[in-house]
A.B. asks: 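Here it is, the structure in full.
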Amino acid sequence: MLSPVMEDYLKAIYKLQLEHDGRVSTSSIAEVMDVTPPTVTSMLEKLEARELIDREKYAGVRLTPEGEQVALEVIRHHRLLETFLTEHLDFDWSDVHDEADRLEHHISEELERRVASRLEDPTVDPHGAPIPSADLKPLEMRPGKTLTAFDPGTTVEVRQVSDHDREILDYLADHGIVPGERLTIVEIAPFGMVTVETTAGESVSLPEDIAATVRASECQLTN
């Protein structure tokens, strides 16, 4: 049986693989897990011994098929829980990440099935992140691009926002910048500030670090 910490590492590696489209480094795992590289190395040795990761010297690690299945199951639990907490227990979307982190390792498969059924098998969580299917098919690359990747004048639809910082989520929600919202990119300043206009006509200036937490896709406007 895997410990919650082991599952957290597998989940982190899976997400990093999606971002980097391949092997991930010890340093990137350390940054995500907020631990030192030697701590990561020690855990990677344990995961390799269980055949959950494949390590290649100087090239980084990637999950084995078994490790990927564990990661997808934990991610599915997490995102279903986030959705259930917001839709049925009236949690704010900025509060559910930490709650789901605590619960994701401990729910049974029967509880997962019932939660998914009650939610009518959602495909995304409240932050727009894709929920792995019940058969744990691999996820596609993260949806859309960050706001800084678009040219001024482009109209985009918000696809996903990062769920890791409560204050940023509160800030975005206060300005209506949530999945499904359309934004027009007004200006990208040389120092990184991104100004957008919401459908309500509000002009919002986002520091680069906040804009980087929002992923969107360009809207195909029709006449």
Side-chain angles (χ1 to χ4, degrees), residues 3-21 24-37 39-40 43 63 70-87 89-107 122-132 139-149 156 158-181 183 192-194 196 204-217:
S3 70
V5 175
M6 288 179 170
E7 292 182 345
D8 283 340
Y9 269 85
L10 295 173
K11 180 173 68 171
I13 294 169
Y14 187 85
K15 291 179 179 179
L16 287 167
Q17 285 182 182
L18 285 181
E19 293 178 5
H20 300 288
D21 194 25
V24 298
S25 66
T26 297
S27 59
S28 62
I29 299 169
E31 183 177 358
V32 169
M33 297 299 295
D34 194 23
V35 297
T36 64
T39 299
V40 173
M43 177 56 74
L63 299 179
V70 174
L72 283 166
E73 183 171 37
V74 178
I75 292 170
R76 175 171 168 80
H77 288 175
H78 182 97
R79 294 176 179 173
L80 282 173
L81 286 165
E82 286 192 332
T83 308
F84 186 81
L85 289 168
T86 54
E87 292 190 10
L89 297 182
D90 298 325
F91 275 75
D92 190 89
W93 79 331
S94 62
D95 295 327
V96 293
H97 177 72
D98 289 342
E99 291 289 344
D101 264 349
R102 285 187 283 268
L103 296 170
E104 66 190 15
H105 307 288
H106 307 294
I107 70 171
T123 57
V124 295
D125 73 7
H127 311 100
I131 299 174
L139 297 174
E140 297 179 357
M141 296 292 288
R142 292 180 66 190
K145 301 181 292 186
T146 60
L147 295 182
T148 55
V156 302
V158 177
R159 298 284 304 282
Q160 182 180 349
V161 297
S162 173
D163 61 358
H164 292 288
D165 191 306
R166 176 176 179 169
E167 291 185 358
I168 291 177
L169 283 170
D170 286 338
Y171 180 83
L172 294 174
D174 286 344
H175 293 286
I177 301 176
V178 297
E181 170 70 1
L183 307 172
M193 188 73 75
V194 179
V196 301
V204 184
S205 293
L206 303 172
E208 187 174 17
D209 60 333
I210 294 181
T213 70
V214 181
R215 300 185 71 86
S217 295

A.B. asks: E19: what forms a salt bridge (Lys or Arg N to Asp or Glu O under 4.0 Å) with it, not counting sequence neighbours?
C.D. replies: R142
A.B. asks: According to ring-ring contact (aromatic ring centres under 6.0 Å, His included), who are the partners of H164, at least two apart in sequence or on a separate chain?
C.D. replies: H97
A.B. asks: List for me each residue that meets side chain to side chain contact (heavy atoms under 4.5 Å, CB included) alongside A149, sequence neighbours excluded, and say none if there are none.
C.D. replies: K145, T146
A.B. asks: Name all residues meeting the ring-ring contact (aromatic ring centres under 6.0 Å, His included) criterion together with H77; count only those two or more places apart in sequence or in a different chain, and write none if there are none.
C.D. replies: none
A.B. asks: Identify all side-chain donor-acceptor contacts of residues 11-18 below 3.5 Å with residues at least two apart in sequence or on another chain.
C.D. replies:
| unit_1 | atom_1 | unit_2 | atom_2 | d |
| --- | --- | --- | --- | --- |
| K11 | NZ | D101 | OD1 | 3.2 |
| K11 | NZ | E104 | OE1 | 3.2 |
| K11 | NZ | E104 | OE2 | 2.7 |
| Y14 | OH | L139 | N | 2.8 |
| Q17 | OE1 | L63 | N | 2.6 |

A.B. asks: Holding to side-chain hydrogen bond (donor to acceptor under 3.5 Å, both in side chains), I want the full list of residues that pass it with E99, two or more places apart in sequence or in another chain.
C.D. replies: R102
A.B. asks: Which residues satisfy the side-chain hydrogen bond (donor to acceptor under 3.5 Å, both in side chains) test with Q160, sequence neighbours excluded?
C.D. replies: none
A.B. asks: Report the residues that fulfil side chain to side chain contact (heavy atoms under 4.5 Å, CB included) with E87, sequence neighbours left out, ordered by chain and then residue number.
C.D. replies: T83, L119
A.B. asks: According to side-chain hydrogen bond (donor to acceptor under 3.5 Å, both in side chains), who are the partners of D92, at least two apart in sequence or on a separate chain?
C.D. replies: S94
A.B. asks: Run the ring-ring contact (aromatic ring centres under 6.0 Å, His included) test against F84 and tell me which residues pass, sequence neighbours left out.
C.D. replies: H88
A.B. asks: Who passes side chain to side chain contact (heavy atoms under 4.5 Å, CB included) against T39, sequence neighbours left out?
C.D. replies: Y9, V35, T36
A.B. asks: Please list, chain by chain and in numerical order, all residues satisfying side chain to side chain contact (heavy atoms under 4.5 Å, CB included) with R159, sequence neighbours excluded.
C.D. replies: P143, S217
